[in-house]
Amino acid sequence: MNLVNLESVSHAFGPKPLLTDVSLGIEQGDRIGVVGRNGGGKSTLVSIIAGELKPDSGRVTHNRGLRVGLLSQRDDFDPDAAVGDLVLSGRAEHEWAGDATIREILANLLGDIELTARAGALSGGERRRTALAKLLIDEHDLIILDEPTNHLDIEAIAWLAGHLAQRKSALLVVTHDRWFLDAVSTRTWEVVDASVERYEGGYAAYVLAKAERARIAQAAEERRQNLMRKEIAWLRRGPPARTSKPKFRINAAEALIANEPPPRETVELLKFASARLGKTVYDLEDVTLHAGGPGAGPVVLDHATFQFGPGDRIGLIGVNGSGKSSVLRLLSGTVTTDSGRVVRGKTVRLAHLSQELAELDPARRVLETVEEVRKYIQVGKKEWSASQLLERLGFKGEAQWKVVGDLSGGERRRLQLLRLIMDEPNVLLLDEPTNDLDIETLTELEDLLDGWPGTLVVVSHDRYFLERVSDRCVALLGDGRLSMLPGGVDEYLARRAAGGALSARAASAGTASAPGGQAVPAGQGPSAASGAAADGGSGGLSAKEQRELQKELGRLERQLDRLGEREAKLHAQMAEAASDFERLGTLDAELREITTQKEEVELEWLDLAARLDA
């Protein structure tokens with residue numbers, strides 16, 4: 001059933017056309033991700049679809065009785081209203097308290113906010129989460145979300161993706177969070193040059209399809225092509241979790257990535273970093289640290305020992321308020337320890353991008369502000385001018401001559417980041433560097449960091465960016481330690497779901513892989529499951545029960561093998577049917593069904609393995 005239809009819609013902001021003669025529709029069950037450059041018309045498009053903005057020309061039709069829920073980038077809450085009244089819309093306590101879905105939404109989005117709190121006392125992030133909770137509690141036929149992951153940590157983003165996947169509402173989401181796009185969307189719209197280009201699949205499918213179009217047409221410029229191939233190589237060679245649920249033709253992209261090297265020349269970068277930094281970068285020795293300074297606020301580190309070495313590329317993960325920014329400030333020397341010591345290498349040349357924007361001279365031009373730091377910089381094997389790097393981070397042409405005082409918050413953040421890189425540091429501390437950056441600029445930043453030789457510690461709620469630029473992840477799990485995560489973000493979420501820090505046994509053993517590539521806590525893989533009976537440590541299970549569980553695990557593994565074979569055949573058939581859209585639709589529907597079955601079997605396997613290893 002068609003929910004919304006746009007016919008020949010055009011809209012401009014002043015002299016700049018944002019949409020020109022756009023015709024499209026949203027069907028029941030659609031799950032659409034919207035991408036494009038900042039200022040390119042994404043928010044205008046969703047406002048028109050939601051009925052919040054009337055286009056300059058064209059026609060917008062809503063299905064009769066359509067219930068639209070819109071999360072915009074602003075709210076109109078009464079400052080004197082209580083959070084509970086705003087979110088629960090007058091529902092009686094017994095009504096909402098008895099609803100498991102409402103309780104789950106409140107726990108995951110408003111767990112740290114009292115329902116009696118007044119809206120006027122909330123921070124910007126708290127108001128944003130309140131608006132999102134209100135929207136999700138209400139019933140809608142179409143949910144439209146404009147940057148829903150802002151102010152959410154990685155755990156909350158993962159929860160939101162899972163929650164949206166279970167809803168029957170159609171979904172239209174604008175976000176720069178590429179992991180989230182892949183998790184929730186089955187179609188992608190790109191708003192570019194005042195038009196809307198449509199692609200099947202989530203972000204990964206969009207990248208591949210766009211590269212394929214460019215390859216066939218041979219119309220894209222060489223540098224953009226190289227960036228796209230690099231992005232594809234990352235997607236194809238990334239962790240199994242990223243490619244275990246493909247909604248696109250991987251075979252069609254093989255020609256693009258066959259000879260593509262890894263995104264980073266790790267060995268060469270490590271050699272450069274060691275030459276620039278020596279053996280010591282930062283050594284934390286028996287460090288105790290409070291978030292608010294010595295003895296003040298919650299404990300972040302409790303007699304923790306950790307080493308940051310030359311060439312390390314570390315993603316630092318933790319819930320909001322866990323102390324990630326405090327750790328970066330400790331490394332930068334702006335806060336001190338309660339006890340213990342931080343040994344800093346003699347050759348460390350530090351740059352720290354914090355969440356607070358440093359003051360810039362508002363009267364200076366953008367290019368002048370960068371060139372006063374340095375006019376040229378060597379990144380990898382190539383020399384770049386300040387102007388060239390500005391262009392890569394979105395300041396093109398006349399934008400380099402804008403006055404700093406006229407820049408938006410996102411533009412100032414890009415400018416600050418570039419000034420830090422131009423100072424040629426050998427240690428970079430990045431605290432939420434992706435805020436206010438669009439996907440195209442994020443891709444340029446990732447490519448720039450690929451050739452940067454030094455030690456990198458990054459804090460980001462953008463899971464895709466975090467996994468893309470770092471080689472390993474470290475977590476603050478509330479136990480006062482910096483915990484290594486061999487399984488990356490997936491392992492972090494598994495640990496959090498299991499109650500936080502792993503036991504000493506699991507921490508020393510790392511992670512195992514379940515069938516299908518899903519990371520599971522150590523001791524829960526197939527070999528551990530089959531060995532549990534021999535050790536006699538299966539939570540009081542009798543020998544017969546252990547044999548039955550092992551037999552069932554074997555059956556599930558064979559079923560997963562069959563599903564994997566069918567999945568591979570479907571991909572091959574989709575590659576052969578590239579021009580038969582009707583056939584592609586049938587195959588894609590079967591592929592989605594196979595993927596769902598595979599996920600269900602994987603979950604069943606994990607549950608049985610956990611029982612056997614208990």
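Keep in mind it's a predicted model, so treat the numbers as computed, not measured.
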For [X] versus [Y], what's the shortest heavy-atom pair and its separation?
X: Ala12; Y: Pro17; result: CB-CA, 3.9 Å
X: Leu482; Y: Leu476; result: CD2-CD2, 3.7 Å
X: Leu171; Y: Leu164; result: CD2-CD1, 4.3 Å
X: Thr61; Y: Glu7; result: OG1-OE2, 4.3 Å
X: Ser185; Y: Gly33; result: CB-N, 3.6 Å
X: Val174; Y: Pro148; result: O-CD, 3.5 Å

May I ask you to decide if [Y]'s main-chain N or O and [X]'s side chain share a donor-acceptor pair within less than 3.5 Å?
X: Asp141; Y: Arg67; result: yes
X: Glu432; Y: His461; result: yes
X: Ser169; Y: His140; result: yes
X: Lys598; Y: Glu567; result: no
X: His176; Y: Glu440; result: no
X: Arg127; Y: Ala119; result: yes
X: Asp30; Y: Glu27; result: yes
X: Glu126; Y: Leu122; result: no
X: Ser10; Y: Asp21; result: yes
X: Thr334; Y: Arg329; result: yes

> Which is it for Arg129 and Asp112 under the salt bridge (Lys or Arg N to Asp or Glu O under 4.0 Å) test, yes or no, and what are the steps along the way?
Replying inline: CA-CA 11 Å; Arg129 286 188 281 135; Asp112 58 342; 2.9 Å; yes
>> For Ser47, give me all partners under side chain to side chain contact (heavy atoms under 4.5 Å, CB included), at least two apart in sequence or on another chain.
In response: Glu52, Leu53
Side-chain contact, heavy-atom cut-off 4.5 Å: [X] with [Y]?
X: Leu328; Y: Lys324; result: no
X: Arg167; Y: Ile143; result: yes
X: Arg187; Y: Arg31; result: no
X: Arg472; Y: Leu485; result: no
X: Ser123; Y: His151; result: no
X: Val191; Y: Leu19; result: yes
X: Trp96; Y: Leu115; result: yes
X: Val458; Y: Phe465; result: yes

[X] side, atom [atom1]; [Y] side, atom [atom2] - distance, nearest 0.5 Å:
X: Ile314; Y: Leu466; atom1: CD1; atom2: CG; answer: 11.0 Å
X: Thr441; Y: Arg413; atom1: OG1; atom2: CZ; answer: 13.5 Å
X: Ile105; Y: His163; atom1: CD1; atom2: NE2; answer: 4.0 Å
X: Leu442; Y: Ser460; atom1: CG; atom2: OG; answer: 8.5 Å
X: His290; Y: Ser326; atom1: NE2; atom2: OG; answer: 11.0 Å
X: Thr443; Y: Leu445; atom1: OG1; atom2: CG; answer: 9.5 Å

>> Test side-chain contact (heavy atoms from CB on, under 4.5 Å) on Leu109 and Leu152; report intermediate values, then the result.
In response: CA-CA 8 Å; Leu109 294 179; Leu152 300 184; 4.0 Å; yes
> Leu493 and Ile154: side-chain contact (heavy atoms from CB on, under 4.5 Å), yes or no, with the steps?
Replying inline: CA-CA 8 Å; Leu493 294 173; Ile154 285 178; 4.3 Å; yes
>> Between Asp138 and Arg91, does any side-chain N to carboxylate O distance fall below 4.0 Å?
In response: yes
> Where does the angle between the aromatic ring planes of Tyr206 and Tyr203 fall among parallel (under 30°), tilted (30 to 60°) and perpendicular (over 60°)?
Replying inline: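 Because their plane-to-plane angle lies in the 30° to 60° range, the rings of Tyr206 and Tyr203 count as tilted.
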> Out of Ser354, Ser325, Ser332, which one pairs with Asp431 under the side-chain hydrogen bond (donor to acceptor under 3.5 Å, both in side chains) rule?
Replying inline: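 With Asp431 as partner, side-chain hydrogen bond (donor to acceptor under 3.5 Å, both in side chains) holds for just one option, Ser325.
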> Does atom CG of Asp99 have more than 12 heavy-atom neighbours, drawn from other residues, nucleotides or ligands, at distances under 6.0 Å?
Replying inline: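 Enclosed: over 12 neighbouring heavy atoms sit under 6.0 Å from CG of Asp99.
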>> Using side-chain contact (heavy atoms from CB on, under 4.5 Å), reason through Leu142 and His62 one step at a time and then give a plain yes or no.
In response: CA-CA 11 Å; Leu142 171 62; His62 282 197; over 6 Å; no
>> If you apply the rule salt bridge (Lys or Arg N to Asp or Glu O under 4.0 Å), what do you find for Asp146 with Arg74, and how did you get there?
In response: CA-CA 10 Å; Asp146 195 351; Arg74 59 187 181 278; over 6 Å; no
> After noting the C-alpha distance and the side-chain angles of Asn108 and Glu155, does the key distance pass the side-chain contact (heavy atoms from CB on, under 4.5 Å) rule?
Replying inline: CA-CA 9 Å; Asn108 282 278; Glu155 191 174 357; over 6 Å; no
> Sequence neighbours excluded, which residues qualify as side-chain hydrogen bond (donor to acceptor under 3.5 Å, both in side chains) partners of Glu95?
Replying inline: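 Counting only residues at least two positions away or on another chain, Glu95 forms no side-chain hydrogen bond (donor to acceptor under 3.5 Å, both in side chains).
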Contacts under 3.5 angstrom, residues 77-88 side chains, donor-acceptor by atom type, not counting sequence neighbours:
| unit_1 | atom_1 | unit_2 | atom_2 | d |
| --- | --- | --- | --- | --- |
| Asp78 | OD1 | Asp80 | N | 3.0 |

>> Using the rule side-chain contact (heavy atoms from CB on, under 4.5 Å), only one of Leu145, Ile144, Thr130 pairs with Leu135; which is it?
In response: Leu145
